[in-house]
Amino acid sequence: MWKPGLIGILATLALATAAAATEPAATDPGAAAAPVAPESAAATPAPPDSLDDIPSAKPADVSRLLRKVRIRHGDDAVVIQTHLLLNAMQKGAVLATGVRVDRVEEKHGKRYLNFMLETGYVFDDSTRDRTERAQILWATIMEPTLSRLQDGLQVHKAEGLVVQMQYYHRPYRSAEELRATIHEPGTSEEARFYVLASDVDDVIRGKTTVRNLVTQTRTTIDGSELAMMPPASDATLTPGPE
């Protein structure tokens, strides 16, 4: 299993919360990382709206390293990589976050470009079961990321993308309780979402919505297939109690 803070391409982004994070950033040229400190009552950094808002991120380094991803996998890979990271940071991460663009691999008879995301999420599993956890991941990270693909999904030498999301789950009753015991994040779990470019085209043509696209997406939790439906309209889409 992954460990928080070990994934990353942008060494500068890895310094984003260096005052509170001590994990070393990897040097893989296909990843971006931003260790996020556990929330504290004293001061919690505001989630960034863009890569430019992350402290210590040097524009020249960001541009150079993301250019490598663009050349290797195409413009959409950069869009997806960037927004997977930003959405995880904005929507509930309390641990280190990181994203890596991996290789194209064949699965289920199709070729997928693989993204590996450390979400930094810790779910309250006393109120959110494995299906609900997957629904929250889709609604808070996948949905807004895919919504950025206004002209469909195009990645070099692939028919779609798969996003591997690592997160934790354990029972806790409040954000304060989680902060006090953040060194014990609970059980690690991994969700995978396999999204085909042809299904994203259905969204562009108005045949479905990004929210409902999850029903056409092959989903696994720790390797086991999971039949997915969109979250209920009144569902609480946070990892735990506020």
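All of these numbers come straight from a predicted model, not from anything done at the bench. Index from 1, following the sequence.
- Considering E143, E132, R211 in turn, R211 is the only one that fulfils the side-chain contact (heavy atoms from CB on, under 4.5 Å) rule with P231.
- Residues D199 and T217 fail the side-chain proximity criterion, which asks for heavy atoms closer than 4.5 Å.
- Using a 4.5 Å cut-off on side-chain heavy atoms (C-beta onward), Y172 and V122 make contact.
- E189 pairs with exactly one of Q166, R133, R130 by the side-chain hydrogen bond (donor to acceptor under 3.5 Å, both in side chains) rule, that one being R133.
- Side chains of N212 and T209: a donor-acceptor N/O pair is present below 3.5 angstrom, by distance only.
- The backbone N or O of A77 lies less than 3.5 Å from no partner atom in the side chain of Q81, so there is not a single donor-acceptor pair.
- Under the 4.5 Å side-chain heavy-atom criterion for Ile, Leu, Val, Met, Phe, Trp and Tyr, V162 and L226 are members of distinct hydrophobic clusters.
- Residues Y121 and V94 have side chains not in contact (no heavy-atom distance under 4.5 Å, counting atoms from C-beta outward).
- Considering only heavy atoms from C-beta on, V214 stays 4.5 Å or farther from M229 through its side chain.
- Follow the hydrophobic side-chain contacts under 4.5 Å out from M89 and you reach I141 in the same cluster.
- Each salt bridge (charged side-chain N to carboxylate O under 4.0 Å, His left out) pair with one or both residues in residues 228-240, not counting sequence neighbours, would appear here, but there are none.
- For the side-chain hydrogen bond (donor to acceptor under 3.5 Å, both in side chains) criterion with N114, the lone passing option out of K107, R192, R103, Q164 is Q164.
- In the hydrophobic clustering of ILVMFWY residues, with side-chain heavy atoms under 4.5 Å counting as a link, L113 and L196 come out apart.
- With contacts defined as side-chain heavy-atom distances shorter than 4.5 Å, the pair N87/T140 does not qualify.
- The closest side-chain heavy-atom distance from K91 to L237 is not below 4.5 Å.
- Of the residues D125, D124, T181, the one that meets the side-chain hydrogen bond (donor to acceptor under 3.5 Å, both in side chains) test with R170 is T181.
- With hydrogens and angles ignored, the 3.5 Å screen pairs a side-chain donor or acceptor of R128 with a backbone N or O of T238.
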- Item | Stepwise ring-ring contact (aromatic ring centres under 6.0 Å, His included) check, F123 with Y168 | CA-CA 6 Å; F123 285 96; Y168 294 89; over 10 Å; no
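- Side-chain atoms of E118 and R100, non-hydrogen and from C-beta on, never get closer than 4.5 Å to each other.
- Between Y194 and Y112, the distance from one ring center to the other falls under 6.0 angstrom.
- For S188 against D222, the heavy-atom pair with the smallest separation is O-OD2, 4.4 Å.
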- Message: Run the side chain to side chain contact (heavy atoms under 4.5 Å, CB included) test on M165 and V163 for me, step by step, so that the C-alpha distance in whole Å, both residues' side-chain angles and the decisive distance to 0.1 Å come before the verdict.
- Response: CA-CA 6 Å; M165 296 192 188; V163 180; 3.8 Å; yes
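- Inter-residue side-chain proximity for L213 and F193 is flagged as unmet; no heavy-atom pair is nearer than 4.5 Å.
- Residues H156 and V104 share a closest heavy-atom pair of O-CG2, 3.9 Å.
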